Amino acid sequence: MTNTSTVRLHDLFDLFFLQDFQDNFALSVGVGSLIEDNQGQAITCPSCFSTFCRDIIRTSPLGLKRCQENDMRGAAEALRTGKPAVYQCHAGLIDFAAPIILEGKVLGTIFGGQVLTEEPCEDGCRKLAKELGVNPDRYIAAIKEIPVVTKEKVQATAKVLFSVANTLSKNAYQTLKLKENHREIVLSYNRLENIFHTMSDGVLIVDEQGIIKQVNVITEEIFGRPASDLLNKSVKELMGSETPFIENAYRHQTAYNDFEIFIDASLGRLHCISSGRPIVDDVGMTSGAVIILRPMKIVHNLVNRLSGAQATFRFGNIIGQCPSILKTIQLASQAAAGISNVLIEGESGTGKEVFAQAIHNQSSRRKGPFVAVNCGAIPRELMISELFGYTEGAFTGAKRGGRPGKFEFASGGTIFLDEIGDTPLELQVALLRVIQERKITRMGDNKVIPVDLRIICATNKNLAQEVEKGNFRQDLYYRLNVISLKIPPLRERQEDIPLIFSYMLNTMGREWGRTIKKVDPEVITLLQHYRWPGNVRELQNIVERVISIADENIIKPEHLPEHLLNQKDLTICHPDLTENPTLCAREMIKQNFNNKERQQILDFLLEASGNISHAAKTMGVARSTLYRKMRQYNISN
């Protein structure tokens, strides 16, 4: 809403119009006339002003000031009474004022008058001329030229002037409303225009014949063509003829939501989600429609972001200094810069997905999704629908509207196929086709959907041997094995174990609110001599254990699992170690540790005079722990 206190008279009326009106009014009634603003400043030139007022009174600074003061009082009187104000000016002339009002605020005033209702008094005129600093003889000669009219004519003229002022006031109100409406229309248009061009979706506005009349920048990007190539073309020409729902929107006022369509863009066939709303005029007639296009890639990115299909690990998160792991990191970093498929081989728990995420995050696809699929965890009968998606009614239990597959979700980014060696042979054929053509077809459908993705595979099997056994297709193996990474197991990285253990200890400690003050050196020795069949994942589980049960935030050998402390358990788990020289060294270490710990327990018990509670408190362990140790070393109470 416009603030009327800031509106000026010449904002609503053309000054040439006001001047013309004023001149004609003054000539028709035979009086002087002037229009002033609400500050008393003239905005028109005087019409039919007498020589007396123009050349004598108003040439005097004091006279001009008094004229303006009288005018303002007259305007205020007219506004207060709601009638034309008739008053005598300081020079003895009769004037009248009619304010031009807008919503209770005076925008200006029409002044008329400069007449007399009786002959002037010569003595009074000479006195006033002297006060104003004007020549008395000129003053008297000029005032005698002023016409003398009856009071009735003055009142009649004042009423006419007031009626004209009211008409101007109404016109001012209408003009203001027109300006406000125009401003609101402009603002609404600008708001819609800004929304139109800042939307992340493509927007097309078509008329009732389906001719494109307006597109936004995103639409140009979707089609890969400038607006000049899209405007005034039929929407059918762009969208294809198999889109009757779009025609229903602009012809039959039928809205639609989230329909899948395929567009032939400049960069190839594009998969989109489309919604449409008819545009209806004030009499209910269809005048076109608004068509919304959202590339499926954007939808998938949103789903992936909300579902956590994002890569979090980078090469900086891989802990290790041994030559084998550094060489693997270097090769993986080089592979990240390319676009070739990558095959990661390694035992379970070595961190194959960590490497896959790191490759993705250092590649040109890092802003796209990272979708991980465990091929060994998906039931055989569901694997096709999981990877390729399906349409509505493709099989019993299929979701209404169908469902995209993992390949579609990964488009624009990377798909990580873990345990690729467990993929059934029938699926390997379909996977090979995806790698070669970069296109997929949903289960139960015949539409070909292009996918733009990089494939990283991982396996804990020897795929070359699986190929020889006939369990894995040779052509697929060669397509996947463009760049091969072999991650060394943890037992071959003994020098990295203290680094990884310390890193996990600190990281988990912060997450759990535990601060580990000290780690017994014997713990590290035991960790380094263990064979780690579960690799880094097993080490992570042990770190969780020791943080959970550590006393006084000190990690001791007794906090480790039994199979790390007990040589017999190790032999059972790893019978191939019985002839290993490393086992002898470890046996000696273990024996020395046991002898030392047994003697310490005996010393504490002796000092506590056999009191188990006192001895456990002095040792800093729980009483149950001390009882267990006593049974282990055959110490009787």
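Given the structure is predicted, the values throughout are model-derived calculations rather than measurements.
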Just wondering, are more than 12 heavy atoms of other shown residues or ligands nearer than 6.0 Å to NZ in Lys151? no

Closest approach of Ile359 and Ala336, non-hydrogen atoms and distance? O-CB, 3.5 Å

Would you please test Phe223 and Leu293 for side-chain contact (heavy atoms from CB on, under 4.5 Å) and show each step? CA-CA 11 Å; Phe223 286 95; Leu293 294 177; 3.9 Å; yes

Check for me whether the distance between the ring centres of Tyr139 and Phe52 falls short of 6.0 Å. yes

For Val206, run the side chain to side chain contact (heavy atoms under 4.5 Å, CB included) check against Ile246, Val235, Ile279, Val215 and tell me which one passes. Val235

What heavy-atom pair brings Leu128 and Ala91 nearest, and what distance separates the two atoms? CD2-CA, 3.5 Å

Which heavy-atom pair separates Leu132 from Ser60 by the least distance, and what is that distance? O-OG, 3.0 Å

Minimum side-chain heavy-atom gap Val371-Phe416 below 4.5 Å: no

Closest contact, heavy atoms only, Thr286 versus Ala249: CG2-O, 4.3 Å

Could you tell me which non-hydrogen atom of Ile110 sits nearest to which non-hydrogen atom of Ser33, and how far apart they are? CG2-OG, 4.2 Å

More than 12 heavy atoms from other groups under 6.0 Å of NE2 on His252: yes

Where do Thr254 and Phe245 land on the side-chain contact (heavy atoms from CB on, under 4.5 Å) test, with the steps shown first? CA-CA 8 Å; Thr254 305; Phe245 44 87; over 6 Å; no

Of His360, Arg365, Arg454, which is the lone residue that meets side chain to side chain donor-acceptor pair (under 3.5 Å) with Thr414? His360

Run Ile94 and Val86 through side-chain contact (heavy atoms from CB on, under 4.5 Å) and show every step you take. CA-CA 7 Å; Ile94 301 300; Val86 180; 3.9 Å; yes

